[in-house]
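Just below is one structure, and these are the notes that go with it.
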Amino acid sequence: MSDIEIIIERLEMRGHRVTASRRRVVDAIMSQPSHFTVDDVLRDSRQVGRATVFRTMKLLTDLNVVCRVLMDDGTLHYRVSARGHHHHLVCRDCGRVEDFATCDVTSLVNELAKNTQYEIEGHWLEIYGRCQSCRILKSERVPVG
Ligand SMILES: [Zn+2]
Ligand SMILES: [Zn+2]
Ligand SMILES: [Zn+2]
């Protein structure tokens, strides 16, 4: 199943009508590179109002077909992803984003809940660094001698 079919199916399964506007937003999302901003989607969702684009993005995030990535410069990006709970590895130099599903925070969350009496409902984790190609580029730029 293609990503677009997964998105449409999840919308319908959860009782959301796939209106023409929503369909246009989904099409705009599918035409983006691996990560994008709401402004990119706004620009490419022709004749769809700003509020509808924002609401649809929120809905797709809640349905776990789109995930959010906090870039190193503080901007919030989105990514098509139907993989469920996961985190991101973000390259500070080229902005490349990779998903990883290892989530080793259970003991931390349990301890926090115990110590603070909070009912913990979620967490957000991004890891920042430099990808292999950026590291190679950088080491090549270093003057020799
Ligand atoms: Zn993701
Ligand atoms: Zn990089
Ligand atoms: Zn996690």
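Atoms considered below: every heavy atom in the structure, side chains included; atoms not considered: hydrogens, waters and symmetry mates. Atoms within each ligand, like the ligands themselves, are counted from 1 in listed order. For clarity, every value in this text was computed on a predicted model and none was experimentally measured.
Among heteroatoms of the N, O or S kind in H123, NE2 lies nearest the Zn ion (ligand 3). For H85, the N/O/S atom at the shortest distance from the Zn ion (ligand 3) is named NE2.
With sequence neighbours excluded, the residues forming a side-chain hydrogen bond (donor to acceptor under 3.5 Å, both in side chains) with D73 are T75, listed by chain and number. Checked against side-chain hydrogen bond (donor to acceptor under 3.5 Å, both in side chains), R79 has the following partners two or more places apart in sequence or in another chain: D99.
Ion pairing between D40 and R43 holds under the 4.0 Å rule for side-chain N and carboxylate O. Salt bridge annotation for K138-E140: absent, with no cationic side-chain nitrogen under 4.0 angstrom from a carboxylate oxygen.
Taking 4.5 Å as the limit, every side-chain heavy atom of Y78 sits out of range of all side-chain heavy atoms of Q32. Side chains of L59 and L11 form a contact here, defined as non-hydrogen atoms less than 4.5 Å apart. Between R92 and R130 there is a side-chain heavy-atom pair separated by less than 4.5 Å. By the 4.5 Å heavy-atom criterion applied to side chains, S133 and R96 are counted as neighbours.
Protein contacts to the Zn ion (ligand 2) involving N, O or S atoms at a distance below 2.8 Å are C91 SG, C94 SG, C131 SG, C134 SG.
The number of protein N, O or S atoms lying under 2.8 Å from the Zn ion (ligand 1) is 3.
Under the 3.5 Å distance criterion, with hydrogens and angles disregarded, no donor-acceptor pair is assigned to the side chains of H88 and H35.
The closest donor-acceptor contact from the side chain of R17 to the backbone of R22 lies at 3.5 Å or more, if one exists at all.
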